[in-house]
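Presented below is the structure to which this report refers.
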Protein chains: 2
Amino acid sequence: MFSATTYTERRRQLANALSSGLILLPANGEAALNYRGNTYPFRQDSHFRYFAGYNLPDLVLTIDVASGEGRLYGNDFTLDDVVWMGEQPDVADLAKDGGLSYGGTLDRLAAALSQSGEVHYLPPYREERRQQLRDWLGHCDRPSVPLIRAVVELRSVKSREEVAEMDKAVATSMRMHAAARDTAMAGMTEASVAGLIEGIAISAGGRLAYPAIVTRNGHILHNHYHGNQLRRNDLLLVDAGAETDTGYAGDITRTFPIGGVLTDRQRPVYETVERAKSQCIQALRPGVAFREIHDLSARIITEGLKDLGLMKGDAGEAVAAGAHALFYPHGLGHMIGLDVHDMEDLGEDYVGYDDTIRRSELFGTRNLRLGRALREGFTVTVEPGIYFIPKLIDRWEADGKHREFINYDALEGYRNFGGIRLEDNVVVTSDNCRVLGSV
Amino acid sequence: MFSATTYTERRRQLANALSSGLILLPANGEAALNYRGNTYPFRQDSHFRYFAGYNLPDLVLTIDVASGEGRLYGNDFTLDDVVWMGEQPDVADLAKDGGLSYGGTLDRLAAALSQSGEVHYLPPYREERRQQLRDWLGHCDRPSVPLIRAVVELRSVKSREEVAEMDKAVATSMRMHAAARDTAMAGMTEASVAGLIEGIAISAGGRLAYPAIVTRNGHILHNHYHGNQLRRNDLLLVDAGAETDTGYAGDITRTFPIGGVLTDRQRPVYETVERAKSQCIQALRPGVAFREIHDLSARIITEGLKDLGLMKGDAGEAVAAGAHALFYPHGLGHMIGLDVHDMEDLGEDYVGYDDTIRRSELFGTRNLRLGRALREGFTVTVEPGIYFIPKLIDRWEADGKHREFINYDALEGYRNFGGIRLEDNVVVTSDNCRVLGSV
């Protein structure tokens with residue numbers, strides 16, 4: 001938690017960005033695993049944490065736009081709770097510590113909301129929140145666009161103290177990846193490596209920022225199966241990031257060969273992805289549209305695949321047509337902060353696009369989560385990849401797609417290649433960018 | 001997953017236990033962490049897993065009571081899904097492999113339910129399920145008591161193949177505890193130990209069965225704070241269990257001194273808890289009410305505290321009055337299986353009590369989750385403990401509670417003691433019981 005003045009200032013800026021009404025920002029509750037009393041590890045709502053700071057469930061923050069007053073609502077614990085959970089602060093004390101007025105119990109909140117005029121809330125992503133909003137307001141499907149835009153504006157630009165937390169998240173993530181590389185060997189299961197790295201994130205006082213991908217089948221992009229045994233010369237793709245105890249995420253990917261040495265078939269593909277990553281990082285600076293950097297990564301990948309005889313023709317034309325997406329069907333990166341895909345709950349187009357740069361409709365490029373121009377203080381991922389996805393190759397070949405850019409015959413020898421992705425996190429500085437985790 | 005015949009037989013027995021209607025058993029869905037696309041690790045609904053076997057989200061099992069026919073409903077994946085998630089089996093193929101009829105998509109299920117007569121469902125514990133039931137049936141608060149009773153009857157008695165999975169869960173849990181004891185030392189944080197043991201559960205191919213308790217403040221019973229640094233002579237209480245990839249839980253507690261040697265103040269308390277655990281395990285057998293074994297544990301603890309001068313009077317009378325509960329405010333144990341508190345979602349009184357043995361209303365004893373007579377094949381935890389909870393001591397002393405059994409003056413020297421709990425898991429055999437994890 002930062003100082004109370006940090007949160008007070010954030011709330012002031014948020015209130016200033018709206019014209020009227022009451023802003024409603026509830027904390028998350030506990031999430032049931034297999035019965036109500038057995039819960040997943042608590043994960044705070046990122047917006048509540050950004051504007052109120054507390055990492056506790058079942059609190060609610062309101063901000064009156066006209067007066068700027070922030071109020072905290074919540075129910076106090078009983079003596080029975082103290083036996084089971086230890087001493088707990090009263091909500092009134094929490095409010096005081098956080099520079100907020102104490103609003104009262106959640107019943108009082110419900111009464112206050114029923115008498116309010118316009119209430120601004122964000123799109124709910126858990127069913128519990130939807131039910132809560134229905135109970136309080138009679139609806140849960142009318143999120144406030146002005147509030148969404150104001151939150152995106154504030155949270156997109158990270159303060160120095162936020163960047164310091166991101167550095168910690170990435171530094172822990174790098175330790176996880178170093179341990180994976182030092183430990184993984186033929187005969188181990190993917191799960192062994194997954195447990196090792198998740199344990200490191202927890203030992204550091206936080207948790208994982210997202211479910212780890214630890215797979216010898218890197219061509220399956222969101223693959224959370226960890227049951228395979230590793231074999232010599234496998235490419236092990238590890239996409240895993242720590243979340244700090246303050247809630248900030250790292251998102252790092254490394255791909256390395258079991259046995260330590262890339263084969264002659266793997267090396268040029270790996271070097272192409274590595275080149276795409278480093279050249280894109282060099283090209284990042286304020287004012288440049290991330291969409292342009294994505295296109296740069298796609299051209300570098302296309303050139304690399306041309307060198308291998310897998311693609312042909314003009315790289316720029318191939319990228320414009322979307323032919324590269326057979327091998328690189330995702331975007332170069334996304335905003336990262338309190339969420340690994342920062343503010344994805346608000347809607348990707350609000351976060352990653354604007355009136356001047358709109359989302360592409362091309363296969364592959366349409367998955368780019370961030371397109372708009374970069375600003376100082378943005379923190380983003382840079383994560384190019386090359387994958388050989390047999391089902392997709394078969395479909396494209398059968399459909400005769402992009403025959404002028406793709407040598408389908410040459411792909412035969414790559415069907416069991418898997419995939420390579422390399423990912424760093426950077427902060428945009430005044431004149432270029434800095435890779436996070438390096439201080 | 002066991003063989004298809006196992007699940008077919010379970011479904012047959014369930015249908016036979018009801019007189020008419022349609023049994024509705026939905027799988028769990030993914031649970032959102034901080035936005036819909038970022039989810040907690042998937043946890044299957046235990047009932048769905050018990051009667052259908054699949055560890056996949058968003059499927060639904062129905063069983064027609066009259067015909068005994070089981071149907072599987074679910075939506076198939078698209079080619080886009082294959083790119084992101086790899087090849088996925090069709091629901092029709094899943095159904096065939098599992099000895100089920102294929103019912104169709106979830107739309108077809110909704111239509112089928114709207115035409116059904118009586119639909120039996122279990123109490124929902126996630127808001128998503130409540131919403132689903134409201135959408136399908138128009139209500140979510142009328143769970144079927146006959147279905148609850150039939151499920152409790154079946155799941156309470158573990159088959160040999162289930163007990164083998166429980167042995168695996170406990171064996172992994174024991175490895176976690178051995179690692180904690182071998183590693184924990186002064187200067188480390190509780191989180192370091194927590195990460196170590198959670199990593200072992202994940203490396204074994206499963207996860208934790210419940211959030212780990214790793215604390216130098218063992219007197220806080222449900223303490224998930226891991227931020228303290230360990231100091232020499234601290235008692236570290238570790239309550240943690242693995243869940244196997246097949247979904248079965250272990251639930252083991254050990255308490256040990258940092259530095260390896262119990263102090264003179266700690267040793268007699270530890271030995272009392274150890275004695276309570278071992279004597280209770282010796283007393284477990286079919287036909288004995290678990291409530292009696294709980295009372296036995298309370299008497300042993302009371303005797304031990306009398307030897308230390310902390311309690312006085314007749315142990316049996318003290319326990320009958322509830323005086324021991326100042327030090328031992330929870331129950332001796334609970335059923336364990338696919339859930340760490342097995343079937344707690346169905347209501348503890350259905351699982352742990354019956355018409356002959358009803359829940360006590362005494363403070364402490366009312367927290368006993370299991371009271372009824374044991375049967376061969378029950379798997380239960382045995383977890384006595386002694387705690388010194390300053391807030392509770394102060395309250396009881398101020399209220400003058402049980403002055404005839406408690407020497408409040410002598411407690412002054414124990415206010416910073418913390419707590420000790422020791423826990424094993426056992427299976428009730430034909431003539432006594434066996435500690436799990438030992439084969």
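Computed from heavy atoms alone, side chains included, the values below leave out hydrogens, waters and symmetry copies. This structure is a prediction, so every number in the text was calculated from the model and none was measured. Chain identifiers are assigned alphabetically (A, B, ...) following the order of the sequence lines, protein sequences preceding nucleic acid strands; residue numbering begins at 1 within each chain.
- Proximity to chain B involves both the backbone and the side chain of Ala32(A), based on heavy atoms less than 4.5 angstrom apart.
- Closest approach of Pro211(A) and Thr39(B) over heavy atoms only: CG-O, 3.3 Å.
- When Leu221(B), Asp245(B), Thr189(B) are compared by the number of non-hydrogen pairs under 4.5 Å with chain A, Leu221(B) comes out ahead.
- Only the side chain of Glu198(A) has a heavy atom closer than 4.5 Å to any heavy atom of chain B.
- Residue Pro390(A): no heavy atom, backbone or side chain, is found under 4.5 Å from chain B.
- Of the listed residues (Leu33(B), Leu208(B), Leu338(B), Leu392(B)), the greatest number of heavy-atom pairs within a distance under 4.5 Å of chain A belongs to Leu33(B).
- Only the backbone of Ala209(A) comes within contact range of chain B, with heavy atoms under 4.5 Å apart.
- Heavy atoms of Asp81(A) lying under 4.5 Å from chain B are absent altogether.
- Of the two parts of Asn217(B), neither the backbone nor the side chain holds a non-hydrogen atom closer than 4.5 Å to a non-hydrogen atom of chain A.
- Highest contact tally toward chain B, considering only Pro329(A), Ala201(A), Ser192(A), Gly206(A), is held by Ser192(A) [criterion: heavy-atom pairs under 4.5 Å].
- Heavy atoms closer than 4.5 Å to chain A are found in both the backbone and the side chain of Glu128(B).
- Of the atoms belonging to Ser46(A), it is side-chain heavy atoms, and not backbone ones, that fall under 4.5 Å from chain B.
- Heavy atoms of Asn28(A) lying under 4.5 Å from chain B belong exclusively to its side chain.
- When each of Tyr125(A), Tyr225(A), Phe42(A) is checked for heavy-atom pairs under 4.5 Å with chain B, Tyr125(A) comes out on top.
- Your options are Ser203(B), Gly205(B), Gly199(B), and the one with the most heavy-atom pairs under 4.5 Å with chain A is Ser203(B).
- Within the 4.5 angstrom heavy-atom criterion, only side-chain atoms of Arg134(B), from C-beta onward, approach chain A.
- Among Asp339(B), Val340(B), Asp345(B), the single residue meeting the side-chain contact (heavy atoms from CB on, under 4.5 Å) criterion with Asn38(A) is Val340(B).
- The greatest number of non-hydrogen atom pairs below 4.5 Å with chain B, out of Glu344(A), Arg36(A), Arg395(A), Glu87(A), is found for Glu344(A).
- Looking at Tyr40(B), its side chain does come within 3.5 Å of a backbone N or O of Pro41(A) through a donor-acceptor pair.
- In this structure, Tyr35(B) OH and Arg126(A) CZ are separated by 13.0 Å, a value rounded to the nearest 0.5 Å.
- Note: Gln131(B) leads Met188(B), His219(B), Gln131(B), His226(B) in heavy-atom pairs under 4.5 Å with chain A.
- Annotation: the span from His341(B) atom NE2 to Asn34(A) atom CG amounts to 10.0 Å, rounded to 0.5 Å.
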